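Numbered from 1 within each chain, the chains take letters A, B, ... in sequence-line order. Note that the coordinates shown come from a computational prediction; the quantities given were computed from them, not determined experimentally.
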Amino acid sequence: MKKFYYECTHVCKQSGARAGLLHTPHGTVETPMFMPVGTLATVKFLSPEEVKAAGAGVILANTYHLWLRPGEDVVALAGGVQQFMNYQGPMLTDSGGFQVFSLADRRKIQEEGVTFKSHLDGSKLFMSPEISIQVQNKLGADIIMSFDECIPYPATYEYAKQSMERTLRWARRGLDAHQRKEDQALFGIVQGGEYQDLRERCAKELAAMDFPGYSIGGTSVGEDKATMQKMIEDSVRFLPFEKPRYLMGVGAVNDMLEAIERGIDMMDCVLPTRIARHGTCMTSQGRINIKKKEYETDFSSLDPLCDCECCRHYTRAYLRHLHRCNEGLASRLLSIHNIRFLTRLAEDARRAIRQDRFLDFKKEVLSRSGFDERGF
RNA sequence: GGAGAGGUAGCGAAGUGGCUAAACGCGGUUGACUGUAACUCAAUUCCUUCGGGUUCGGCAGUUCGAAUCUGCCCCUCUCCA
């Protein structure tokens, strides 16, 4: 069994951004990278082959959702999540900590763990740091997450502090419960809301626990761009250089570039796939909503600078038609395109870092795409 | 030829005297979406110079007031000859 470790290969002299390699039991991937989200062990509408062809190195799945359906034992029986979904590359599972945020109106937090009211049948479910790790041990992804609380923004200092301290205790408990340390890398998650001293304390205490990697959580929950960037800075500064850094839930173009500049190695986001299903595409010229009437007879490709399956073979007019007719092919092609757009952004970023010109690169991308507050 | 049912906004369809420029659905247009309860959600959809104007097959009535009541006309569908 190959060991998990991160290897920094270059630090950009212009920006401090770093490029590297992430070695996992299911293969080595280059960083910084973008990871598409496949919550239910599927990136919606895409086969694993298509996700891979779009340039993705790692696919995410979700502990809470797979725990409910089909259940971790079914996945374990299949031989693990990769076997189950026929994907040979590296995978990562989120712990269920995000559901503490996204399903806030149907859960109760206590020291021991979180009681959820199932979104499927209303039944009462209990998730603890230990259960989350046990489930993730059975799911078998290469990278797994500590069970945390992703807090909303804004949150009071007092709440952010209490929650962060509890997340630290949960991280310790998760580490102690982890049964597959040899082949599954458990990441600790930095919380602390927007508060500098809380981020610092959390990052330092997690670093002392010596995780194989660290995540930054609690971002992209409604805060403004400058606040997000500060949250990242306040966290990254105290993380060990030799370990990978994963910024959770970020996938808008400018957010990704700002994060990479601050030393982030990995990012994931539902944004490219969700907005693709809703008809929005990320392009080198900025954001395009394929539903718009102006594309009715536009027989050009979605993004002339893109090399994805969608852009190589199909026109805007056809994609608009497919989307208006609610054809699944529209969701599939646009998802392929948006994922490819972000994996290519990461590729280009890596090259710019190696050439010590990341700041120039960032500027080029943002001016070309007519970047605005939304980040496209 | 006879009997019955019906004609409401782009389409389907409520409404049977004032609270109705007219529910609701579809279609159309425009937005939103950041560790996925999301092929979802929101806004808008007669015209307007934003004061108002013109609507519920057509025309003529009743009434303070009509998509709603009356008369005639036009059209559609079903059944029987």
Side-chain angles (χ1 to χ4, degrees), chain A residues 34-46 58-66 68-69 92-107 116-122 125 132 141 143-151 153 187 189-191 215-225 228 231-232 246-256 258-259 264 266-282 287 289-296 320 322-335 338 342 372-376:
Chain A
F34 174 76
M35 309 180 286
V37 181
T39 304
L40 290 163
T42 171
V43 177
K44 295 184 191 301
F45 282 94
L46 303 185
V58 175
I59 297 178
L60 256 74
N62 182 276
T63 301
Y64 172 87
H65 288 283
L66 294 178
L68 264 63
R69 204 165 51 182
L92 181 157
T93 44
D94 186 26
S95 61
F98 184 70
Q99 278 61 45
V100 179
F101 165 78
S102 65
L103 302 178
D105 54 347
R106 44 199 317 135
R107 56 85 175 132
F116 287 96
K117 189 175 167 177
S118 164
H119 68 279
L120 296 176
D121 62 6
L125 305 161
S132 176
I143 303 167
I144 67 177
M145 292 296 128
S146 295
F147 187 58
D148 66 332
E149 181 196 358
C150 176
I151 63 169
Y153 176 89
F187 282 30
I189 304 176
V190 182
Q191 292 290 349
S215 303
I216 294 164
T219 57
S220 56
V221 289
E223 76 282 12
D224 55 85
K225 305 277 179 193
M228 183 197 290
M231 286 173 168
I232 297 169
Y246 161 31
L247 177 62
M248 310 183 79
V250 166
V253 171
N254 70 319
D255 292 340
M256 281 179 59
E258 297 295 345
I264 293 296
M266 312 156 62
M267 281 157 284
D268 77 289
C269 200
V270 305
L271 196 63
T273 44
R274 178 182 291 164
I275 67 177
R277 274 177 272 125
H278 299 164
T280 304
C281 322
M282 299 169 169
R287 174 190 264 211
N289 188 336
I290 203 66
K291 289 179 287 192
K292 284 171 80 100
K293 186 162 182 65
E294 63 182 286
Y295 304 122
E296 187 172 32
R320 171 179 138 94
L322 289 178
H323 192 271
R324 274 158 41 97
C325 296
N326 200 26
E327 283 292 335
L329 183 57
S331 293
R332 195 181 125 220
L333 292 172
L334 296 185
S335 291
N338 281 349
L342 292 184
D372 59 26
E373 207 9 62
R374 289 171 310 191
F376 299 99

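With its glycosidic angle within 90° of 0, B/G51 is assigned syn.
Separating the CD1 atom of A/Ile151 from the P atom of B/G35 is a distance of 17 Å, rounded to the nearest angstrom. Atom pair A/Tyr246:OH and B/U34:P shows a separation of 15 Å (rounding to whole Å applied). Atom CD1 in A/Ile290 sits about 13 Å away from atom P in B/G31, given to the nearest Å. The interatomic distance linking A/Met228 (CE) with B/G35 (P) rounds to 10 Å, in whole Å. As a whole-Å value, the separation of A/Ile143 CD1 from B/G35 C1' is 13 Å. For the pair A/Tyr153 OH and B/U34 C1', the computed distance is 16 Å after rounding to whole Å. The interatomic distance linking A/Ile275 (CD1) with B/U36 (C1') rounds to 14 Å, in whole Å.
Residue A/Asp268 is in sugar-phosphate contact alone, with no base atom involved, counting any heavy-atom pair closer than 4.0 Å across all strands shown. Looking at heavy-atom distances under 4.0 Å, A/Ser118 makes no contact with the nucleic acid at all. Across all strands shown, A/Leu247 has no heavy atoms under 4.0 Å from either base or sugar-phosphate atoms. Across all strands, A/Gln191 comes closer than 4.0 Å to base atoms (heavy-atom distances). Using a 4.0 Å heavy-atom distance criterion, A/Gly96 is classed as making no nucleic acid contact. Using a 4.0 Å heavy-atom cutoff across all strands shown, A/Arg320 reaches sugar-phosphate atoms only and no base atom.
Base pairing of B/U44 is made with B/G28, judged by Watson-Crick or G-U wobble geometry with both donor-acceptor distances under 3.5 Å. Using N1 to N3 plus N6-O4 or O6-N4 for Watson-Crick, or N1-O2 and O6-N3 for G-U wobble, each under 3.5 Å, B/G61 pairs with B/C69. Pairing partner, B/U34: none, since no Watson-Crick or wobble contact has both distances short of 3.5 Å. A 3.5 Å limit on both hydrogen-bonding distances identifies no Watson-Crick or G-U partner for B/U16. Across all strands shown, B/C50 remains unpaired; no Watson-Crick or G-U wobble contact has both distances below 3.5 Å. In this structure, B/A3 forms a base pair with B/U78, meeting either the Watson-Crick or the G-U wobble geometry with both donor-acceptor distances under 3.5 Å.
For A/Thr219 against B/U34, a side-chain-to-base donor-acceptor contact under 3.5 Å is absent. If you check distances only, the side chain of A/Asp255 does reach the base of B/U34 with a donor-acceptor pair under 3.5 Å. Judged by distance alone, with hydrogens and angles left aside, A/Asp148 brings a side-chain donor or acceptor within reach of the base of B/G35, the pair sitting under 3.5 Å.
When the C1' atom is compared between B/C19 and B/A66, the two are found 16 Å apart, to the nearest whole Å. Atom name P, nucleotides B/A67 and B/U54: the rounded distance is 13 Å, in whole Å. Distance check on atom P: B/A9 versus B/U68 gives 14 Å, rounded to whole Å. Spacing between B/U70 and B/U16 at atom P, rounded to whole Å, works out to 15 Å.
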Between the protein and nucleotides 37-40 of chain B, which nitrogen or oxygen pairs are less than 3.5 angstrom apart?
| from | atom 1 | to | atom 2 | distance (Å) |
| --- | --- | --- | --- | --- |
| B/A37 | OP2 | A/Ser102 | OG | 2.4 |
| B/A37 | O5' | A/His65 | NE2 | 3.1 |
| B/A37 | N6 | A/Arg106 | NH1 | 2.4 |
| B/A38 | O2' | A/Arg277 | NH1 | 2.9 |
| B/A38 | N7 | A/Arg274 | NH2 | 2.9 |
| B/C39 | OP2 | A/Arg277 | NH1 | 2.4 |
| B/C39 | O2' | A/Asn326 | OD1 | 3.1 |

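Proximity note for A/Asn289 (side chain, C-beta onward) versus B/U36, B/U34, B/G31: the nearest is B/G31.
Taking 4.5 Å as the limit, some side-chain heavy atom of A/Asn62 sits within range of a side-chain heavy atom of A/Gln99.
Using a 4.0 Å cut-off, no side-chain N or O of A/Arg287 falls inside it from OP1 or OP2 of B/G31.
Evaluation of the ring-ring contact (aromatic ring centres under 6.0 Å, His included) rule for A/Phe101 yields A/Phe98 as partners, not counting sequence neighbours.
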